[in-house]
Number of protein chains: 4
Amino acid sequence: MVRSVDSPLQTAKAWSRSRRRKQPPDGDTRTRILDAAEELFAGGGYEATPTARIAELAGVPKGLVFHYFPRKIDVLISLVDERTVVVEEEVEADPGDAAGALSRLARRLPLRASPAMRRILFREADTHLSVRERLSRLNAEIIRRARFALELALPGGRGDAARLEAAAATFAAVLLYQESICLLTGHHIDPDAVAELIANALH
Amino acid sequence: MVRSVDSPLQTAKAWSRSRRRKQPPDGDTRTRILDAAEELFAGGGYEATPTARIAELAGVPKGLVFHYFPRKIDVLISLVDERTVVVEEEVEADPGDAAGALSRLARRLPLRASPAMRRILFREADTHLSVRERLSRLNAEIIRRARFALELALPGGRGDAARLEAAAATFAAVLLYQESICLLTGHHIDPDAVAELIANALH
Amino acid sequence: MVRSVDSPLQTAKAWSRSRRRKQPPDGDTRTRILDAAEELFAGGGYEATPTARIAELAGVPKGLVFHYFPRKIDVLISLVDERTVVVEEEVEADPGDAAGALSRLARRLPLRASPAMRRILFREADTHLSVRERLSRLNAEIIRRARFALELALPGGRGDAARLEAAAATFAAVLLYQESICLLTGHHIDPDAVAELIANALH
Amino acid sequence: MVRSVDSPLQTAKAWSRSRRRKQPPDGDTRTRILDAAEELFAGGGYEATPTARIAELAGVPKGLVFHYFPRKIDVLISLVDERTVVVEEEVEADPGDAAGALSRLARRLPLRASPAMRRILFREADTHLSVRERLSRLNAEIIRRARFALELALPGGRGDAARLEAAAATFAAVLLYQESICLLTGHHIDPDAVAELIANALH
DNA sequence: TATGAATGAGCTTTCATTCAT
DNA sequence: AATGAATGAAAGCTCATTCAT
């Protein structure tokens with residue numbers, strides 16, 4: 001069964017609840033290590049997190065972490081690899097309602113990842129290539145979908161391609177960073193309002 | 001279109017040239033240490049940069065770094081404190097031209113900081129409170145100015161306050177993170193296009 | 001007069017010989033570290049002894065010291081905690097012979113500790129609270145025993161309580177510091193002579 | 001004018017009051033450095049006191065300390081040399097009253113030194129030879145005087161020489177360390193009571 | 001005499017990683 | 001798979017001492 005991500009605004013608590021239901025009671029050792037790393041990387045950052053604390057939080061001996069993940073960076077790589085899935089599937093169009101389509105995109109990012117993993121994805125993007133690539137694909141996918149939604153709603157002008165591209169990229173940027181912005185500056189942005197805004201802008 | 005020297009997109013080299021001309025000669029050892037730290041923090045991140053490498057790049061003995069900055073974090077704090085100035089001054093209004101005003105805001109962020117310092121500001125926001133606060137103030141100032149520019153151009157509707165706020169916040173988010181997005185994902189966003197987009201959206 | 005093996009004046013070499021025979025084999029790495037620390041702390045003092053030299057003398061890598069003792073001070077604390085036992089048990093009285101009882105107390109301090117540990121106990125008393133507390137308890141115990149020995153030998157006067165207390169405290173002070181005095185000033189004090197002296201004084 | 005030390009129990013506050021009266025308002029630079037060192041060495045110990053903190057407390061630049069005292073150890077040496085004077089002068093005898101003579105000795109140690117300096121003398125005895133020597137001389141002088149006081153009061157037996165020596169040494173040990181004992185263990189010893197005790201013991 | 005920047009050796013401590021069991 | 005002791009390189013930081021001014 002697929003982990004659904006109903007909204008980028010889903011809380012961390014709700015996420016872990018939904019995950020825990022589908023897994024063995026405490027999860028196997030490898031999973032517990034990744035769980036611990038996810039929490040710690042999201043909280044204090046990859047560099048500032050010693051492997052010893054990962055092991056401690058996971059409740060496993062220190063040496064075991066290196067049994068599953070030969071180098072520390074492999075924990076991060078595995079985390080991103082296994083716990084951030086960029087969903088690249090086709091979506092049905094809705095010719096009449098660009099704002100609605102964007103709004104849906106905002107509420108359901110093409111990304112299966114916990115809030116913690118989203119944070120890691122943004123924060124550790126320059127720690128390792130694999131993280132950056134994942135983020136890049138996510139960004140591209142959001143842009144692709146936003147462009148698709150907007151194209152249908154537009155009469156199809158000529159020089160409008162550039163504006164459309166800018167609109168899609170803007171929408172992606174806001175979606176990706178609204179969470180970080182809110183965490184860092186306390187300033188909340190309503191994705192639906194942005195969706196409507198962008199859709200309006202192209203009329 | 002040509003990027004002016006004042007643009008946030010000016011190169012690192014151009015920045016340091018312009019700064020050196022006007023900074024007081026406050027003993028260049030401390031300055032060299034900060035220069036080195038600025039470069040290294042921007043490149044590899046605060047946590048991943050040993051003080052020894054800062055000293056090495058600055059061409060000073062290791063101990064001297066701690067003469068000026070008792071703790072490593074003080075280097076970061078001083079850097080942000082002294083090299084990122086959020087400009088909070090009044091700007092002239094231009095009632096007729098919201099897009100132009102936003103465009104000008106994009107080209108001339110209310111922030112005096114080198115590209116490297118901007119990178120540090122965004123990247124190390126959760127490393128220390130002082131960085132987060134500076135970023136927060138910058139974000140608030142951009143929103144304030146964007147709101148101001150848009151207000152004048154609007155007929156002055158009733159329930160439009162929320163839309164206006166969302167537009168301003170969106171604009172700020174994109175401006176702040178366009179540079180990071182570009183670096184991380186390679187996807188470039190044209191600030192002028194975003195300015196026009198946002199302005200259009202509110203008509 | 002021959003110093004018995006139980007005497008506080010037994011040599012360091014004799015002590016370690018006797019200990020090694022009966023100590024449980026509790027992983028000898030930790031023990032070797034403590035042995036080395038005991039020797040070095042006694043010789044040059046806690047502050048003047050680098051952990052690196054402890055490791056070196058113990059024949060273990062530097063990092064291992066911190067595996068067992070997270071902070072340097074923990075080595076001292078553990079040393080005092082595990083290697084200085086203040087014996088607080090009841091002793092049989094000897095009503096007729098106060099001098100003899102004191103003499104026995106002098107020869108057999110209510111303290112199980114090597115000469116080196118005794119030195120550390122006295123020298124590092126203001127380095128850490130735990131050391132001071134141990135020394136305090138030792139002092140109190142000697143006083144308690146001395147008072148007990150003297151009480152029996154006294155006819156049981158009225159205002160003699162104060163004199164008795166002073167005598168006991170004096171005896172304790174001399175016993176505790178005779179070793180230090182001898183080391184520092186070269187002046188030797190015979191505990192037996194002091195015992196006889198104090199006993200006589202109360203008649 | 002000579003600094004009088006009326007009693008080993010004179011408080012630190014009283015001492016500094018009496019000294020300040022006879023000196024120029026803040027004392028010259030060298031004096032201020034020694035004052036600061038005296039306070040810090042007494043408080044935290046020689047090894048644990050950085051020269052920088054001495055300078056700071058003295059209110060002089062760091063470099064100046066090394067102008068007056070080329071090596072850190074010279075501060076300690078000068079302190080002991082100049083601020084602990086062992087008084088080796090003849091005293092009038094009082095044939096009838098051994099207890100009184102000892103009591104007077106206790107109240108007026110043959111040592112001109114502040115309480116802080118006394119603490120330094122005992123604590124840093126194995127830090128440097130010159131300190132140890134000073135302590136040794138002080139001990140010897142106390143013993144000499146105690147012996148002198150006791151000799152007169154005794155009938156003058158033959159084998160009593162050893163007992164007399166032990167008594168004198170005991171008295172010295174208690175006097176020297178009563179202050180330390182009190183500080184470390186909180187156990188107070190009344191010098192007068194000890195004086196009477198020792199005097200009684202030899203009858 | 002006064003000053004504080006400069007120097008570098010050495011300190012405590014951290015940590016990724018290895019390894020024997 | 002599991003365990004935690006072992007390892008040593010390197011980190012942040014301290015500090016006595018020097019030196020140019």
Side-chain angles (χ1 to χ4, degrees), chain A residues 28-30 32-33 46-56 58-75, chain B residues 26-30 32-33 46-56 58-75, chain C residues 26-30 32-33 46-56 58-75, chain D residues 28-30 32-33 46-56 58-75:
Chain A
D28 59 8
T29 302
R30 205 187 103 104
R32 287 220 312 280
I33 293 172
Y46 171 82
E47 295 278 6
T49 302
T51 52
R53 274 187 63 201
I54 299 176
E56 188 187 33
V60 302
K62 201 170 41 171
L64 208 48
V65 173
F66 287 89
H67 177 74
Y68 288 102
F69 309 97
R71 298 161 308 158
K72 185 189 175 187
I73 193 69
D74 293 326
V75 180
Chain B
D26 67 307
D28 58 342
T29 300
R30 203 186 104 106
R32 286 218 316 276
I33 293 172
Y46 171 81
E47 296 278 7
T49 303
T51 53
R53 275 186 58 203
I54 299 175
E56 189 187 31
V60 302
K62 204 171 38 168
L64 202 49
V65 174
F66 290 91
H67 177 71
Y68 289 101
F69 310 96
R71 301 163 306 162
K72 185 190 175 187
I73 192 70
D74 291 325
V75 180
Chain C
D26 67 307
D28 58 342
T29 300
R30 205 186 103 107
R32 286 217 316 276
I33 292 172
Y46 170 82
E47 296 277 8
T49 303
T51 52
R53 274 186 58 203
I54 299 176
E56 188 188 33
V60 302
K62 205 171 36 168
L64 203 48
V65 173
F66 289 89
H67 178 71
Y68 289 101
F69 309 97
R71 300 162 308 161
K72 186 189 175 188
I73 192 69
D74 292 326
V75 179
Chain D
D28 60 7
T29 302
R30 207 188 102 104
R32 288 222 311 280
I33 293 172
Y46 171 82
E47 296 278 6
T49 302
T51 52
R53 273 187 63 200
I54 299 176
E56 188 189 32
V60 303
K62 202 169 42 172
L64 208 48
V65 173
F66 287 89
H67 177 75
Y68 289 102
F69 310 96
R71 299 162 307 158
K72 184 188 175 188
I73 192 69
D74 292 326
V75 180

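Computed from heavy atoms alone, side chains included, the values below leave out hydrogens, waters and symmetry copies. Chain letters run A, B, ... following the sequence lines, proteins first, then strands; residues in each count from 1.
- The line from OG1 of B/Thr29 to CG of B/Leu64 is 6.0 Å long, rounded to the nearest 0.5 Å.
- Toward the 5' end of DNA chain F, the nearer of the two residues B/Pro50 and C/Gly59, judged by each one's closest nucleotide, is C/Gly59.
- D/Thr51 has a side-chain polar atom (N or O) that falls below the 4.0 Å cut-off from OP1 or OP2 of F/dA16.
- A donor-acceptor pair is defined here as one N or O able to donate and one able to accept, closer than 3.5 Å; no such pair exists between the side chain of C/Lys72 and the backbone of C/Pro50.
- Here C/Lys62 does not reach the OP1 or OP2 of F/dG8: none of its side-chain N or O atoms lies under 4.0 Å away.
- Nucleotide F/dA10 is matched to E/dT13 when pairs are restricted to Watson-Crick or G-U wobble geometry with both distances under 3.5 angstrom.
- Regarding contacts with the backbone of F/dG4, every side-chain N or O of C/Tyr68 stays at 4.0 angstrom or more from both OP1 and OP2.
- If you check F/dA20 for Watson-Crick or wobble pairing at under 3.5 angstrom, you find it paired to E/dT3.
- Atom CZ of B/Phe66 is separated from atom P of F/dC13 by 5 Å (rounded to the nearest Å).
- Between F/dA5 and C/His67, a contact under 4.0 Å exists linking OP1 or OP2 to a side-chain N or O.
- Considering only heavy atoms from C-beta on, D/Asp74 stays 4.5 Å or farther from D/Tyr68 through its side chain.
- D/Lys62 contributes no side-chain N or O that, together with a main-chain N or O of D/Glu56, makes up a donor-acceptor pair within less than 3.5 Å.
- Across the protein-nucleic acid pair, D/Ile33 atom CD1 and E/dT3 atom C1' stand 13 Å apart, rounded to whole Å.
- If you measure from atom CD of B/Glu47 to atom P of E/dA16, you get 12 Å, rounded to the nearest angstrom.
- Nearest nucleotide to the A/Leu64 side chain, out of E/dC11, F/dT3, F/dG12: F/dT3.
- Residue C/Arg30 contributes atom CZ, which lies 16 Å from atom P of F/dG4 at whole-angstrom precision.
- Distance CD (C/Glu56) to P (F/dG8): 14 Å, rounded to an integer number of Å.
- Between A/Arg32 and A/Gly59, the shortest heavy-atom distance links the atoms NH2-O, 3.7 Å.
- The nearest heavy atom of DNA chain F to B/Arg71 and to D/Gly63 marks one nucleotide each, and the one closer to the 5' end goes with B/Arg71.
- For B/Val60 and C/Pro70, each mapped to the nucleotide of DNA chain E holding its nearest heavy atom, the one lying further toward the 5' end belongs to B/Val60.
- Checking E/dT14, E/dA16, F/dG12 against the side-chain heavy atoms of B/Lys72 singles out F/dG12 as nearest.
- The interatomic distance linking A/Ile73 (CD1) with E/dT17 (C1') rounds to 15 Å, in whole Å.
- Within the 4.0 angstrom heavy-atom criterion, no nucleotide atom of any strand lies near B/Phe69.
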